[in-house]
Structures are given as C-alpha cells and as structure tokens.
Amino acid sequence: MSTVKAAVLDKVDGKFTIKEFELPSLDGKHVLVRVSTTTTCGTDVHIWHGELPAPFPIILGHESIGHVDVAPEGMKDFTGKPLREGDRVVWNFVEPCGRCYVCTIEGLPSACPNRKVYGITVGCGVYPYLNGCYSEAIAVGINTPIFKIENDLDDSLLSPISCALSTIIKAIDILNPAKLDKALVIGVGPLGLYSCAYLSERGVAKIVAVDMVDERLRLAEEFGADATINLNHHKDLESVRKALQDAVGHEGATLAIEVAGNPKAVDMGVELLARAGRMAVVGSVVQGTCQFNPLFFVRKQATLRGSLGYEARHMLEGIRFVEETVDKYPFKKLVGKSYRLPELEQALTDMKEKRIIKGAVRIAS
Ligand SMILES: [Zn+2]
Ligand SMILES: [Zn+2]
C-alpha cells in the first residue's frame, strides 16, 4: 500500500469525495490499520448535517474493523497479545491522553478532555491525516485500546463493537442490572436492539421496548424484549404508563435506558421510572431541552446518569458477548445492507431515513 483512498467531507451537507492520500510516515506512535469494514453510526449523519460540530475537511467513520498493516516494534494489544502485520483488530474510537485528572484519578478515559475521537474530532488536515474509518487505512494511536480478534465472524457482526455495542455495555454496566429489575428501553435503533439483547443476557426480569415503528418493535422481540409499546397507539403518557404497568406491574420500570436521541424520550423515562429507579441517558448526543419536573425525581429518589462512549473493558466484554451469543440473536439483521466506499452517501441516507438500522461499508473485504 503506497497511497490510500478515503471519503472526505468538506462541509456540512457536502458531498463525500474519494480522495487519495500519501501514506504518512509513522513516528512509532501509531499502528497503521487497513480498514476492511466500517459500519454506519447515527453520529456520522449528525455531523454530515451539522447537528454535531466537526473540523472540516474530515474523514468520517469511527465504528470499524481491519487488519494491522504496520505496528511499532513490540506493540501489543490491550490484553498483552503481540500485534503483527495481518492481525485482525478492533479499536476504541477514542484515544485518551492517559495523563489528565479524568483519565487517571476519575478513571474515565472516555470523558478525557484531551481525547482524540477518530472520525469525529480530528480532520484529515492534521497529522497523521488518516484519522477516520471511511478510508482504506487509519493511523490508530498507540494509547488507543486495540484488541486482536481471533474468531472468523463476519466483519458486520464485529465492527459495531467499536461504537454501538460497547456504548450499550457500559451504560448497562453503570445501571448495575439485577434479576428483579424491570427494564424500559426507549428507542429501537441499533443501540436499543443491543440494549434488549444485553439486558436479556444480564438476566433482568422483564424488558419492555418503546418505539414508533412496528417493524422495529418486532425486531426488539427477536433481540430479547418481552413486551413492546408503540407510542403511535397511545394518545397520552397515562396510556403509555398503563401499557407499561400491564407488562411489568404497578410500580413501573426500575431501570430505563434512553437510546432515542430525543429529549422527549428522557422526559418520558423519568415519568415512567419506579421509585429508586435508575436511568441512563445515552442517545441524546445533540442539543435539546428537557421538560421533566424535578419533583418527580426527588420523590422517587431516582438516579439519572449520562453515559458516552465506553472504556477498554467494555470493548473486551463486547467481543465476548458477540462470540457467545452470535447464534442466539439475529445480529445479521442489525447490519442489513452492504455498500462500497463511493456509496457512503447512500448508506448514510438510508440510515437517516430508517430504511436500514445500520449499513456496512465494505472497504477491503
Ligand atoms: Zn458511533
Ligand atoms: Zn485524559
């Protein structure tokens, strides 16, 4: 490989143009990875349409899988396995600084104020230029959690580990689910489907999924939901509350996860939460304002926790989870369609218009 083709976005609502990059000279602080597949994420769509800020020009894409092309001498993955040319790998989309108060004392590298987020916070005009995954190659910094993949599952099943799945594993970990918990999953996109499957594996008593699309709610059942609520069939919140109570009992949801990306979903979750309930807000990644009455919150002694990204251990758990449950849940339906790199705009449009849940952009596979 001497040059690398990548899809470059120059501005908000712009076209994705395939451009050729010279291979950067690496400084011993990066692993060059040949990208095989990058799966689409809602964040790509938000950046494309200006709902999230990004430095232009940029190579988007942060949920990916590939093979090591060049690794510094003695480089190991985060479990201590040597990394060599040809090894199949996934990597965290965040490279934390590893030195700041948040990284070290708080132990929360995903919230590092100095973090680099591939395909999101760093453009392609900044060394080492190959900073996003809609590209034939990416330069992954050596402080980024990298994990060697030793199974032969299809790329489309593994690529979402590096954003959607590990994000959900962390959020659910924070909620510390127990067998008595009755969980409410608000929003049935990729994050919602992974939530149903992972909550199911964690053994909670009930999982209720909420959305506005019947087809997605049916899919939620295949991913482990015990009951579903289509908001279009309910005229007001009291009617939704009644449906939830029919499914889980009078108190409501002891645990809730917002993965709808809509402030109204957060308001609804707070309303439907049981006393002492815990809720993770995960999907609200763009600007918005909530209306909820803090009194409900105080009276219920509820916990509301934001969660963004994930730590290295959640990624390792994501790999284990996919390997052990690949025959149990229809993960193949989650990444419904494959595209080539020049079809990126179509892939993101299909995702935005909900024709697919996720798309797999096959770059070298
Ligand atoms: Zn993402
Ligand atoms: Zn830091």
Side-chain angles (χ1 to χ4, degrees), residues 33 35-48 51-52 54 58-66 78 89-96 109-112 115-122 131-135 138 140-141 144-147 149 153-174 187-195 197-198 257-261 280-286 306-322 331 334-336 339 344 347-348 351-352 356-361 363:
V33 176
V35 175
S36 47
T37 297
T38 299
T39 35
T40 60
C41 173
T43 298
D44 302 331
V45 179
H46 291 317
I47 293 175
W48 182 23
E51 293 151 347
L52 277 176
I58 188 168
I59 302 167
L60 294 181
H62 57 273
E63 190 181 271
S64 197
I65 182 164
F78 260 45
V89 286
V90 290
W91 57 97
N92 195 321
F93 64 72
V94 168
E95 181 178 46
S110 59
C112 168
R115 69 196 188 280
K116 170 177 176 176
V117 189
Y118 301 106
I120 297 178
T121 66
V122 58
N131 294 317
C133 302
Y134 292 123
S135 169
I138 178 168
V140 178
T144 309
I146 301 180
F147 293 99
I149 295 288
L153 295 174
D154 187 80
D155 279 353
S156 64
L157 303 174
L158 298 167
S159 173
I161 291 169
S162 57
C163 180
L165 178 56
S166 299
T167 295
I168 284 308
I169 288 174
K170 176 184 168 191
I172 290 175
D173 228 27
I174 287 168
V188 183
L191 296 174
L193 292 171
Y194 279 128
S195 297
Y198 196 63
I257 184 158
E258 177 276 317
V259 278
V281 179
V282 184
S284 297
V285 293
V286 297
S307 186
L308 177 70
Y310 55 89
E311 316 309 331
R313 66 181 184 278
H314 304 115
M315 199 168 202
L316 197 57
E317 167 67 355
I319 296 167
R320 181 208 65 80
F321 175 68
V322 172
F331 293 120
L334 217 150
V335 183
Y339 303 81
L344 175 58
L348 295 181
M351 187 176 193
K352 182 180 77 172
I356 54 169
I357 293 168
K358 267 186 187 293
V361 180
I363 296 169

Do you know the tightest heavy-atom contact between [X] and [Y]?
{"X": "Pro145", "Y": "Pro96", "value": "CD-CD, 4.5 Å"}
{"X": "Ile59", "Y": "Ser135", "value": "CG2-CB, 4.0 Å"}
{"X": "Ile257", "Y": "Ile172", "value": "CD1-CG1, 4.0 Å"}
{"X": "Val286", "Y": "Leu52", "value": "CG1-CG, 4.0 Å"}
{"X": "Ile47", "Y": "Ala54", "value": "CG2-CB, 3.4 Å"}
{"X": "Ala171", "Y": "Val282", "value": "CB-CG2, 3.6 Å"}

Within the 4.5 Å heavy-atom criterion, are [X] and [Y] side-chain neighbours or not?
{"X": "Val259", "Y": "Ile168", "answer": "yes"}
{"X": "Asn131", "Y": "Ile138", "answer": "no"}
{"X": "Leu193", "Y": "Val188", "answer": "yes"}
{"X": "Arg115", "Y": "Pro109", "answer": "no"}

Legend entry - Under the ring-ring contact (aromatic ring centres under 6.0 Å, His included) test, residues paired with His62 that sit two or more places apart: Phe93
Legend entry - Residues that Tyr134 engages under ring-ring contact (aromatic ring centres under 6.0 Å, His included), provided they are two or more places apart: none
Which residues pass the side-chain hydrogen bond (donor to acceptor under 3.5 Å, both in side chains) test with [X], not counting sequence neighbours?
{"X": "Tyr194", "value": "none"}
{"X": "Thr144", "value": "Tyr118"}
{"X": "Arg320", "value": "Glu317, Glu324"}
{"X": "Thr43", "value": "none"}

Inset, instruction - Evaluate the criterion side-chain contact (heavy atoms from CB on, under 4.5 Å) for residue pair Val122 and Val117; output intermediate values, then yes/no. - result: CA-CA 7 Å; Val122 58; Val117 189; over 6 Å; no
Legend entry - Ser166 side-chain N/O to Ser162 backbone N/O, donor-acceptor pair under 3.5 Å: no
Rounded to the nearest 0.5 Å, what separates atom [atom1] in [X] from atom [atom2] in [Y]?
{"X": "Cys163", "Y": "Leu191", "atom1": "SG", "atom2": "CG", "result": "7.0 Å"}
{"X": "Leu165", "Y": "Leu334", "atom1": "CG", "atom2": "CG", "result": "9.5 Å"}
{"X": "Thr38", "Y": "Ile65", "atom1": "OG1", "atom2": "CD1", "result": "10.0 Å"}
{"X": "Ser159", "Y": "Leu153", "atom1": "OG", "atom2": "CG", "result": "13.0 Å"}
{"X": "Met315", "Y": "Phe78", "atom1": "CE", "atom2": "CZ", "result": "10.5 Å"}
{"X": "Asn92", "Y": "Ile146", "atom1": "CG", "atom2": "CD1", "result": "10.0 Å"}

Legend entry - Sequence-distant partners of Glu63, salt bridge (Lys or Arg N to Asp or Glu O under 4.0 Å), two or more places apart: Lys358
Inset, instruction - With sequence neighbours excluded, tell me which residues meet salt bridge (Lys or Arg N to Asp or Glu O under 4.0 Å) with Lys116. - result: none
Inset, instruction - Sequence neighbours left out, what pairs pass salt bridge (charged side-chain N to carboxylate O under 4.0 Å, His left out) with at least one residue falling in residues 158-174? - result: Lys170-Glu311, Asp173-Arg202
Partners meeting side chain to side chain contact (heavy atoms under 4.5 Å, CB included) with [X] (sequence neighbours left out):
{"X": "Ala347", "result": "Thr40, Tyr339, Val361"}
{"X": "Leu316", "result": "Thr79, Phe147"}
{"X": "Ala360", "result": "Thr37, Thr39, Ser156, Val335, Ser338, Arg362"}

